[in-house]
Amino acid sequence: MQQDMIVILDLGSEQNAQLAREIRALGVYSEIHPHDIAPEALKALPNVRGIILNGGRNRCVDGRDVDVTPEIYALGIPVISADHPASKAAVKLDAWPEDRAERAACLSEFLFETCGAQKNWNMDNFIADQIELIRAQVGNGKVLLALSGGVDSSVVAALLIRAIGNRLTCVHVNHGLLRKGEPEQVVRVFREELGANLIYVDAVDRFLDKLAGVAEPETKRRIIGGEFIRVFEEEARKLEGISFLGQGTIYPDIIESGTKTQKSIKAHHNVGGLPDDLQFELVEPLKMLFKDEVRAVGKALGLPDSMVYRQPFPGPGLGVRCVGAITRDRLEAVRESDAILREEFDKAGLAGKVWQYFTIVPDIKSTGVKDNKRAFEWPVVLRAVNTVDAMTATIEEIPWPVLHKVTERITHEVKGVNRVLYDLTPKPTGTIEWE
Ligand code: XMP
């Protein structure tokens, strides 16, 4: 490992992730660990230059007062403490300064003066380290990866290709619910440009047949998730000698599913749920990265911007935007209108400024006029939201000319659509997706 590290011990603060990001922004790698980490385990972490005891105002974890073992102060590593009573051996702050610049100055003094840390956290060093670590873990073995085309799985794929080349097998399952041009892009970038060993599975009919007539949203999700695992499992069984499974787990997944304080917000299953007789050791090279760092790694590995900076896209894909029971023609209306919306947002310079934007086609029809004839057709609903964490969201004020242009194009270019509506509902009360 090339990077110096600052360890944050979680003493109940809700700001651990933010603090880790602030330290990394200053050029020093940082990890969050539980307050009761064994001193030997802490000592075994590579290149620890400093320890931060990060207590919230309450300094309590799961309702109990907590403290670190005094042995922490005897490791010979500088300790800083904020909002937390600490031994005389520690640099003590009453609280973190509120002001960003003051916080950065205070952190810089600790990192560089007190700890003598090197400013060596950058994506090139990260990539070099991970290639070494992946090679050490995998040896001569083979790795399997479900490559959805999303940011995380794409970056893992690119990194694994660098590290082990054709001993990585990527499986891209096209379930028919991907956006326009997405499966083609995955094949082009990974198979043709990066020379990956890529298995492309056209499972469109299989998924759409299973979903036919199913209107209940959670049942739709379960079918899509369950079928995905079955298809992936079938492909895995055809291959021989694979003992590792690559996964695009990232740091927020780990923080969310719990250091001690952070309550488990959601269980994360990437390709969880594989049968027991298919046992793989996991390779998770991004598990210590925040999303913006994952993007920076993807960029450094040569992935196209359209893959690295793409907006979030739910696992069940367009399936949750084709409201109610999915039909092929209405699904095409979702896919085509989504492509138009994305194209017009790109042209208007809104891509990258709006967090998530897409179209929904509900299962209703209204009367309209097309070519002087009555047209009883679907409406397309536009949704464009901004958010920090997807827990709440606000509505983006899209300029009228953009809305007009999108409406004009969708009603003329998308088959079966005669109206366009704009969803003005923030979250709450609406969720971001309609299902
Ligand atoms: P909601 O609709 O809950 O969405 O406000 C919040 C964010 O999560 C995404 N989303 C999903 N992502 N599987 C996913 O991987 C899902 O089933 C799913 N449902 C919603 C949604 O696109 C938004 O970014």
Side-chain angles (χ1 to χ4, degrees), residues 146-156 172-180 182 186 207 210-211 214-229 231-232 247-257 264-273 286 290-292 294-295 307 309-324 326 331 334-335 337-339 341-342 345 350-362 381-396 422-435:
L147 175 59
S148 66
V151 183
D152 305 339
S153 70
S154 297
V155 176
V156 172
H172 179 63
V173 178
N174 180 2
H175 52 28
L177 306 167
L178 297 169
R179 290 175 291 194
K180 190 173 178 178
E182 247 171 9
V186 169
F207 276 81
K210 273 254 154 151
L211 286 163
V214 181
E216 205 280 314
E218 291 313 308
T219 313
K220 283 166 70 178
R221 272 200 174 76
R222 260 199 308 283
I223 292 175
I224 298 166
E227 203 57 19
F228 182 86
I229 289 174
V231 173
F232 187 72
Q247 287 212 319
T249 316
I250 68 172
Y251 207 24
D253 300 339
I254 291 182
I255 298 172
E256 277 182 17
S257 47
S264 183
I265 294 169
K266 53 183 167 182
H268 267 270
H269 306 283
N270 286 332
V271 192
L286 309 181
F290 291 103
K291 196 79 180 190
D292 52 331
V294 174
R295 293 188 211 277
M307 217 164 224
Y309 295 106
R310 65 178 224 161
Q311 45 169 324
F313 187 60
L318 302 180
V320 292
R321 299 173 184 170
C322 187
V323 179
I326 298 171
L331 180 60
V334 179
R335 193 173 352 251
S337 57
D338 171 75
L341 182 70
R342 285 191 289 137
F345 266 45
L350 291 167
K353 294 200 181 119
V354 182
W355 196 78
Q356 201 174 12
Y357 45 97
F358 54 88
T359 62
I360 301 124
V361 184
V381 179
L382 311 178
R383 189 115 172 92
V385 299
N386 269 320
T387 176
V388 175
D389 56 8
M391 306 293 276
T392 60
T394 54
I395 294 310
E396 184 62 21
Y422 187 38
D423 183 352
L424 289 173
T425 323
K427 176 180 180 176
T429 54
T431 48
I432 294 176
E433 303 288 348
W434 269 38
E435 284 193 337

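Ligands are counted one by one from 1 in listed order, and the atoms in each one are counted from 1 as well. All heavy atoms count here, side chains included; hydrogens, waters and symmetry mates do not.
- In the displayed structure, K427 atom NZ is contacted under 6.0 Å by more than 12 heavy atoms of other residues, nucleotides or ligands.
- What you find for T392 and D389 is that their closest heavy atoms are N-OD1, 3.8 Å.
- For E433 and R221, the salt-bridge test fails: no basic side-chain N is under 4.0 Å from an acidic carboxylate O.
- Between R321 and ligand 1, a contact under 3.5 Å exists for no N or O pair.
- In this structure, T219 OG1 and I224 CD1 are separated by 10.5 Å, a value rounded to the nearest 0.5 Å.
- Polar contact with ligand 1: absent for A390 (N/O pair, distance under 3.5 Å).
- Near P316, meaning under 4.0 Å from any of its heavy atoms, are these atoms of ligand 1: 13 (N), 16 (C), 17 (O).
- Across all non-hydrogen atoms, the minimal contact from L177 to F313 is O-CZ, 3.7 Å.
- Residue contacts with ligand 1: E435 is placed with no nitrogen or oxygen under 3.5 Å of a nitrogen or oxygen of the ligand (distance criterion only).
- Within the listing of ligand 1, atoms 24 (O) sit less than 4.0 angstrom from a heavy atom of W355.
- The closest approach between F313 and ligand 1 stays at or above 4.0 Å for every heavy atom of the residue.
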